[in-house]
Amino acid sequence: MEQIRSIKGTRDILPAEALRWQEIEEIIHDFMELHGYGEIRTPAFEQTNLFTRGVGAETDIVSKEMYSWVDQGGESLTLKPELTAPVVRAFIQHNLAGKAPINRLYYIDSLFRRERPQKGRQRQFHQFGIEAFGSPHPEQDAEVIAIAYKIWGVFGIDEITLHLNSIGSPEIRPEYIQTLRDALATHADKFCHTCNNRLKTNALRVFDCKSETCQYLLDEHAPMILDHITAEDREHFDRLCELLDGMGIAYRLNKKMVRGLDYYTRTTFEITSPVLGAQNSLCGGGRYDRLVEQLGGKKTPAIGFAAGIERLLLALSKKEQLQENPVADIYMITLGNASLIRSLSIADDLRREKGLRVIVETLRRSLKAQLREANRCGANYAVILGDNELVKNIALVKNMKDGEQLKIPLDELEEAFTIGTEHHHTADES
RNA sequence: GUGGCUGUAGUUCAGUUGGAUAGAGCACCUGACUGUGGCUCAGGAUGUCGUGGGUUCGAGUCCCAUCAGCCACCCCA
């Protein structure tokens, strides 16, 4: 029979790795709450047109990467390929703007894009991120960027680069794109053919080309959008730079960084890490002052970012090897029927009263095999309770580190592990 | 969607110009130690050689297709 496998681009996270995820999620929760952000969780799927309207029908994400289907009621639904649009939808739907002048939200979530998998790219993947609604001022940009910048240090990732740019207000864009096309028209034959296509359809994207010749030509001949923004845009950007300087946040002015989604206005930023390979972006974000309005809400300025958790893990794995962690403090070894019943209730007492992780044998193995198992799962103690011990009302408590073994009366067993617990924790912290 | 590389035991991999019963390390199990783990030693189990077809006296090896994985393009976190 054919084996059923997980879908291409999806994967299982097994216990040893899941522990890493739990640690990471905990760090994110703590860090965001430290900055006054509250968690938001939105549904796994939405109406398809939330994304066509919010992200832009012409973007790659919407035009060819969405998992969409028509449900039994005839409605077109889509697994979320992006998290800003759903958060904006929730913001509008629950009238958060009416409840407070400013809303700071964060999330940790799964998203889905039908792309060809490669290093750092899955079809179901995870992001954490924040969205701050309500403030049009550069200090809001500075707050969001500072969070995006500082959190990597908490994870122990130091080698990062913050790229910063402003693509100005949307009004200037048609005029700028025309200027760009005109400037590059005379060199069109030297650009690669994808760039020539981009110039016609989505001109800003030429800046993303990985070809060295194209990049060289852009440096030589392309007008930069940052040099064409309005005076107000410029003032906003300059003030943001001042604030970042003041916070000691190092950034690289990257005039060629234009972001892929339609909704960005003014500030855009990205954080890259050299350890990731071709997909070197850890985190990307920017301001989107028109999106709330565009999705039917009251005009509200906003800025946010999203960071890839798989990529964070990838950057982290260069530093630390994954290892099997101990899963139990005590392994209960049983030999015989009567002792099994007693062991089960003792195990429950130890879990409930002492908070110890206890596993009871369920394979009816030999004593030797059970001790091997105790060793394998990292238990500090094995409690041996066979029918021989049961008639004497004792248990043998074996310290797995030094091999020392004591006879303990069953009614003193819990107490014996009060000392054991302290032992365990001090050993852990050293 | 396009291109390149790779699929052999639980796992990491070896397998000669196509040749007999497909191997090794680690892991697992058993014993030495009849109810005492780790270390050591001795032994043991484990394979639709990704799948389907073809060439051949003979295919893990060559050819075609297909599926999966990885990497890159596209694009993005």
Side-chain angles (χ1 to χ4, degrees), chain A residues 1-11 55 58-66 80-84 107-129 148 192-195 197-198 201-202 205 208-211 257-261 269-273 276-286 304-315 324 331 333-336 339 361 363 365-389 396-405:
Chain A
M1 193 162 80
E2 202 180 320
Q3 187 181 200
I4 299 177
R5 301 176 46 90
S6 61
I7 306 296
K8 182 200 276 278
T10 69
R11 57 193 216 93
V55 182
E58 303 309 315
T59 58
D60 281 47
I61 290 178
V62 171
S63 64
K64 52 191 192 198
E65 295 173 1
M66 294 202 303
K80 50 190 170 188
E82 194 267 346
L83 295 171
T84 299
Y107 51 76
I108 301 174
D109 212 341
S110 269
L111 39 170
F112 308 84
R113 292 182 198 168
R114 197 181 188 290
E115 301 180 274
R116 195 78 170 262
Q118 69 183 75
K119 192 184 183 72
R121 173 188 296 164
Q122 301 281 126
R123 287 185 172 181
Q124 175 176 4
F125 62 106
H126 301 81
Q127 293 185 339
F128 68 90
C192 68
H193 79 277
T194 39
C195 276
N197 287 338
R198 287 178 179 127
T201 57
N202 199 347
R205 305 226 59 88
D208 288 333
C209 188
K210 286 179 183 171
S211 149
M257 185 185 60
V258 291
R259 298 196 50 79
L261 309 179
F269 66 98
E270 183 166 340
I271 291 175
T272 59
S273 160
L276 290 183
Q279 311 301 321
N280 67 350
S281 177
L282 274 175
C283 157
F305 75 82
I309 297 181
E310 280 81 1
R311 291 190 188 173
L312 160 62
L313 245 18
L314 224 47
E324 293 292 332
Y331 197 90
I333 291 175
T334 72
L335 300 157
S339 67
E361 168 78 4
L363 271 177
R365 286 175 288 189
S366 68
L367 174 63
K368 182 202 282 269
Q370 292 190 52
L371 274 165
R372 185 160 49 227
E373 184 64 37
N375 201 56
R376 192 180 358 245
C377 62
N380 290 316
Y381 293 93
V383 173
I384 303 169
L385 181 57
D387 290 351
N388 294 350
E389 286 74 23
L396 304 175
V397 174
K398 176 160 187 150
N399 182 325
M400 296 301 286
K401 291 242 167 64
D402 57 23
E404 209 175 298
Q405 186 170 302

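Order of the sequence lines sets the chain letters (A, B, ...), proteins ahead of strands, with each chain counted from 1. Here the structure is a predicted model, which means the values were calculated and not measured. Atoms considered below: every heavy atom in the structure, side chains included; atoms not considered: hydrogens, waters and symmetry mates.
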Using the side chain to side chain contact (heavy atoms under 4.5 Å, CB included) rule, take A/Ile333 and A/Leu396 through it: C-alpha gap first, then chi angles, then the decisive distance, then the call. CA-CA 10 Å; A/Ile333 291 175; A/Leu396 304 175; over 6 Å; no

Under 3.5 Å donor-acceptor pair, [X] side-chain atoms to [N] base atoms:
| X | N | result |
| --- | --- | --- |
| A/Arg116 | B/rC73 | no |
| A/Arg311 | B/rC76 | yes |
| A/Gln405 | B/rU36 | yes |
| A/Lys368 | B/rU36 | no |

Partner nucleotide, any strand, of B/rC13 [Watson-Crick/G-U, under 3.5 Å]: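 B/rG23 is the nucleotide pairing with B/rC13.
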
Out of [options], which has the shortest distance to the side chain of [X]?
| X | options | answer |
| --- | --- | --- |
| A/Arg365 | B/rG37, B/rC29, B/rA68 | B/rC29 |
| A/Arg376 | B/rC28, B/rC75, B/rA72 | B/rC28 |
| A/Arg5 | B/rC29, B/rG69, B/rG3 | B/rG69 |
| A/Leu367 | B/rU30, B/rU36, B/rA72 | B/rU36 |

Would you say a side-chain N or O of A/Arg372 is under 4.0 Å from OP1 or OP2 of B/rC28?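 A/Arg372 to B/rC28 OP1/OP2: no side-chain N or O under 4.0 Å.
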
From CD (A/Glu310) to CD (A/Gln127), nearest 0.5 Å: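 Going from the CD atom of A/Glu310 to the CD atom of A/Gln127 covers 9.0 Å.
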
Provide, to the nearest angstrom, the distance between the CG atom belonging to A/Leu313 and the P atom belonging to B/rA77.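 Whole-Å distance recorded here is 18 Å.
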
RNA chain B: A/Gln122 or A/Ser6, which has the more 5' nearest nucleotide?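 Its nearest nucleotide being more 5', the pick is A/Ser6.
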
